[in-house]
Amino acid sequence: MIHHVDPLCQCQSCSYTTLNAILDELIPACHDNTIPGLVDLNASKTLLTSQKSELILKQLLDLNQLVKNEYQMSFGMLTKSSRQEFIKENAAQWKRITDFLGPIALMLYFENPEVLDALGIDSRPPFPRGHAVEQGNWDLLEPVYLRGQIYKEVT
Amino acid sequence: MEKVDVLIVGAGASGAAVAWRLSDAGLRVVCLEQGEYPDPKNYPGAGYHWESRKLDQFNVSPNIRKLPADYPINDSDSPIAIANYNAVGGSTILYSGHFPRLHPSDFKVKSLDGVADDWPISYEELEPYFSINDKMMGVSGLVGDPAYPPIQTLLPPIDIGRMGEMLGKGFNKLGWHWWPAYSAIITRRHGNREACINVGTCNTGCPQGAKSSVDVTYWPIALRNGVELRTNCRVKEILVDDDGYAAGARYFCASGELLEVYASIVVVACNGIGTPRLLLNSRSDRFPNGLANTSDMVGRNLMLHPCGYVEGVFSDALDAHLGPQGCCILSQEFYETNVARGFLRGYTMQVLRAPGPLESALAGVARREIPWGAAFHNGFSKRFLHTANLAIVTEDLPDPDNRVTLDPTLKDSNGIPSPRINYRLGNNTKKMLSHGLSRGRELMIAAGAKKTFAFGPVRNTGWHLMGTARMGTNPNTSVVNSKGQTHDVPNLFIVDSSIFVTAGGVNPASTIQALALRISDYIRSEARQLFNK
């Protein structure tokens, strides 16, 4: 993959690199790799080809503008520790990004069968099979019943 | 000129009940509905993206959904946003099916507590219609509830699951009332509908057809009876003849053409927002302030049941995300007035099922309980499967300044002025809500929660739209009489929750439909006289 020197470059490759780095800061793979991260799901490709791609690219540009001032490179080119240092020092700006990208990323993540399977959640549509639910113990209602009427009589 | 016996505007909970009851008596009925007949195959629960579709196409807010059937609502001056659904079935398509009745005391608020007004009818007068409606809809629950007079028309209760049982134990520890939810969800085969299989996506339509939305209960029978249901037809105004009687309606059909239909009797069933909107849009020389509005009460006294949310996080997995979303158990420990609490009237605690993984994650992240980064997975696993949820449904009292008016600029796709909402919580409601949130947290702790969270009012919960064309005996202070007949226009009836005098502290659907059936019987008995006006 070719990365251009210009931190504000928005070619496909540079955009993917920046977005992958962001997504890796949102939901990385689980430490033992039993649950995939957003990057493992190729989420960048999905997001950058979605209807929201222009808005996402704008977010990447704004972020890289900030990063450039400090590090003279794009967010995607930073080391993991530099990224986290940047996030810590620019909490308000980072929150703006997570407020925008977070919900979209969560939708992608929790509707991915690979993720649901890894989490032990049924990834099938709820219908037509439905689910089994315990009936519950009706004997627990005994004290409620024995207490007697609690509604107000009206004449 | 096309003229029918009865024109119904709106095919939701009340319009459907009236369509069935009147067509059963042989009346020729036409119903105009701005939405379509929904196809259960298209409900989110039948596909993979069942959670994310709830956020857009099946969003509770028409302002977000923006479907062709929707009209925008300016609710920016209200802490509670309006929720609805526009289709055959109306908001029953998305409702949870939580189906408790109003209590006997709800009809006598003024006499008992010195606030608001008494209804001009009683629980006892409505009881036969509650029973008919339960049978027609298919309602599950458990007989013997000490919070109600006897109710015999119930199918077996729905499964309450591990979470319901755990909270039941918590209620018992505190000595508080609880009971399996009254649910418009069938637990065994009912007519040609199959029983609930815990699909769980009730709030985006039930693909199984087990949730008793009126598209699968009243409408199939009403259509067999010969009711003509015209979908994608939005009513612009109700027409009035030279004698001041309702003559029919002018409406936009699917192609956008403006048509008219004439009727001997007009029944408005557009809910607590749509009904005042339609009446206020139906101005004429005789009714310059809107139809049936000489009292200036149309649109006033809007009540919304401000809702609180309580959550408990438990160490054990509760599997609370499985089962009907809004139906599990309920408590009416704090329903009747106890002045020592510092407020009048009361509320219901409605136990909810927990959301699915996506909604759990969205809420957890928004509240910063699930952090981004390496700790994300741990944060998620501590919440998902481990939460129990509770809604506090409070009774708000009528206030004439809480109202629906016409927005001066906002219009729907047909150019019809949209409603504007002005709503504030009264002090009594604020105290009640605060009490409910505290008691909810107490319950969670009693049930074993290691952490609790509560807030209210919850914004996107304005489902219960009541009071905006209130019932009463005095034409100066009410819009309709005890039969749903408008004081100003004898052949114009209102049958939806607009006519509620007070709100009670329970979901209104059961009472809406019982009222609609009672009004239908009056129309049936008086039809000849009304036809010969």
Side-chain angles (χ1 to χ4, degrees), chain A residues 24-32 34-35 37-38 84 87 94-95 98-99 102-113 115-116 118-138 140-155, chain B residues 43 45-52 55 103-105 107-108 111-112 122-123 142 144 146-149 157 159-162 164-165 168-169 171-172 175 177-180 196-201 207-208 319 322-323 332-333 335-337 356-358 361-362 365 372-374 376-377 381 384:
Chain A
D24 194 47
E25 294 301 329
L26 294 181
I27 309 179
C30 186
H31 66 281
D32 57 4
T34 52
I35 308 171
L38 277 164
Q84 299 204 331
I87 290 169
W94 181 248
K95 185 170 182 312
T98 58
D99 282 352
I104 310 171
L106 286 174
M107 261 185 249
L108 270 180
Y109 192 70
F110 282 105
E111 293 199 321
N112 186 294
V115 172
L116 296 176
L119 289 169
I121 303 169
D122 229 339
S123 60
R124 65 180 167 84
F127 181 78
R129 272 173 52 198
H131 299 98
V133 176
E134 292 173 20
Q135 179 188 280
N137 178 7
W138 301 128
L140 289 169
L141 286 165
E142 197 61 8
V144 184
Y145 184 77
L146 290 176
R147 185 178 154 198
Q149 177 180 329
I150 65 165
Y151 71 89
K152 201 170 273 183
E153 291 279 5
V154 175
T155 50
Chain B
Y43 290 153
Y48 282 98
H49 301 289
W50 57 275
E51 281 207 274
S52 60
L55 304 174
H103 291 226
S105 70
F107 296 86
K108 304 292 173 198
S111 302
L112 292 171
S122 66
Y123 179 91
L142 188 65
Y148 274 103
D159 301 327
I160 65 172
R162 210 175 301 164
E165 195 173 303
K169 287 176 185 168
F171 279 116
N172 282 352
H177 167 268
W178 67 283
W179 207 253
C196 176
I197 52 170
N198 295 307
V199 170
T201 55
Q208 168 80 347
D319 288 341
L322 302 178
Q332 297 194 318
E333 180 65 26
Y335 197 89
E336 305 284 5
T337 295
L358 171 59
L362 285 167
V365 165
W372 293 118
F376 178 87
H377 297 288
S381 67
F384 184 61

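Just so we're on the same page: letters track the sequence lines, and every chain starts at 1. Predicted model, so just to flag it, every value in this text is computed and none were measured.
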> In Å and rounded to the nearest 0.5 Å, what is the CD to CG distance from Glu134(A) to Asp159(B)?
Replying inline: 9.5 Å
> Looking at side-chain heavy atoms only, is the closest gap between Tyr145(A) and Trp179(B) below 4.5 Å?
Replying inline: yes
>> With chain A as the partner, which of Glu51(B), Gln332(B), Gln208(B) has the greatest number of non-hydrogen pairs under 4.5 Å?
In response: Gln208(B)
>> Using modelled atom types and a 3.5 Å cut-off, is there a donor and acceptor pairing between side-chain atoms of Asn172(B) and backbone atoms of Leu140(A)?
In response: yes
> If you count heavy-atom pairs under 4.5 Å with chain A, which of Gly200(B), Ser111(B), Gly373(B) comes out on top?
Replying inline: Gly373(B)
> chain B heavy atoms under 4.5 Å from Pro28(A): which part of the residue, side chain, backbone, both or neither?
Replying inline: both
> Given that the side chain runs from C-beta out, which part of Ala132(A) has a heavy atom under 4.5 Å from chain B: side chain, backbone, both or neither?
Replying inline: backbone
>> Using only atom types and a distance under 3.5 Å, with no angle test, would you say the side chain of His377(B) pairs donor to acceptor with the backbone of Ile27(A)?
In response: no
>> Looking at every heavy atom in both Lys152(A) and Glu336(B), which two are closest together, and how far apart are they?
In response: N-OE2, 2.9 Å
>> What part of Tyr335(B) gets within 4.5 angstrom of chain A, counting heavy atoms only: side chain, backbone, both, or neither?
In response: neither
> Looking only at heavy atoms, what is the nearest atom pair of Gly148(A) and Pro146(B), with distance?
Replying inline: O-CB, 3.1 Å
>> Tell me which of these, Gly136(A), Gly130(A), Pro113(A), Pro126(A), has more heavy-atom pairs under 4.5 Å with chain B than the rest.
In response: Pro126(A)
>> Taking every non-hydrogen pair under 4.5 Å, which of Val115(A), Val154(A), Val133(A), Leu119(A) racks up the most with chain B?
In response: Val133(A)
>> With a 4.5 angstrom heavy-atom cut-off, is it the side chain or the backbone of Ser381(B) that approaches chain A, or both, or neither?
In response: neither
> Highest number of heavy-atom pairs under 4.5 Å with chain A: which of Pro180(B), Gly356(B), Ala374(B)?
Replying inline: Pro180(B)
> What part of Ile87(A) gets closer than 4.5 Å to chain B, counting heavy atoms only: side chain, backbone, both or neither?
Replying inline: neither
>> Given heavy-atom pairs under 4.5 angstrom as the criterion, report whether the side chain, backbone, both or neither of Leu26(A) touches chain B.
In response: both
> Under a 4.5 Å heavy-atom cut-off, does chain A meet the side chain of Thr201(B), its backbone, both or neither?
Replying inline: side chain
> Partners of Lys95(A) by side-chain hydrogen bond (donor to acceptor under 3.5 Å, both in side chains), sequence neighbours excluded?
Replying inline: Asp99(A)
> Of the backbone (N, CA, C, O) and the side chain (C-beta and beyond), which part of Phe171(B) lies under 4.5 Å from a heavy atom of chain A, both, or neither?
Replying inline: neither
>> Quick one: does any side-chain atom of Glu165(B) pair with a main-chain N or O of Asn137(A) as donor and acceptor, under 3.5 Å?
In response: yes
>> Testing the basics here: between Glu111(A) and His49(B), what is the closest heavy-atom pair and its distance to 0.1 Å?
In response: OE1-ND1, 2.8 Å
> Just by distance, do the side chain of Arg147(A) and the backbone of Gly175(B) share a donor-acceptor pair under 3.5 Å?
Replying inline: yes
>> Tell me which of these, Pro104(B), Cys196(B), Gly168(B), has more heavy-atom pairs under 4.5 Å with chain A than the rest.
In response: Pro104(B)
> So, for Gly47(B) and Pro125(A), which heavy atoms are closest and what is the spacing to 0.1 Å?
Replying inline: O-CB, 3.3 Å
>> Heavy-atom cut-off 4.5 Å, strictly under: side chain, backbone, both or neither for His131(A) against chain B?
In response: both
>> Quick check for you: to the nearest 0.5 Å, what is the distance between Leu358(B) atom CG and Met107(A) atom CE?
In response: 6.5 Å
> Atom CG of Asn198(B) and atom CZ of Phe127(A): how far apart are they, to the nearest 0.5 Å?
Replying inline: 13.5 Å
>> For a 4.5 angstrom cut-off between non-hydrogen side-chain atoms, does Tyr151(A) reach Pro149(B)?
In response: yes
> Taking all non-hydrogen atoms of both residues, which atom of Pro157(B) and which atom of Trp138(A) are closest, and how far apart?
Replying inline: CG-CZ2, 3.7 Å
>> One thing to verify: whether Lys108(B) and Glu153(A) come together as a salt bridge, which I'm taking to mean a side-chain N less than 4.0 angstrom from a carboxylate O.
In response: no
> Between atom CZ of Phe376(B) and atom CD of Glu25(A), what is the distance when rounded to the nearest 0.5 Å?
Replying inline: 14.0 Å
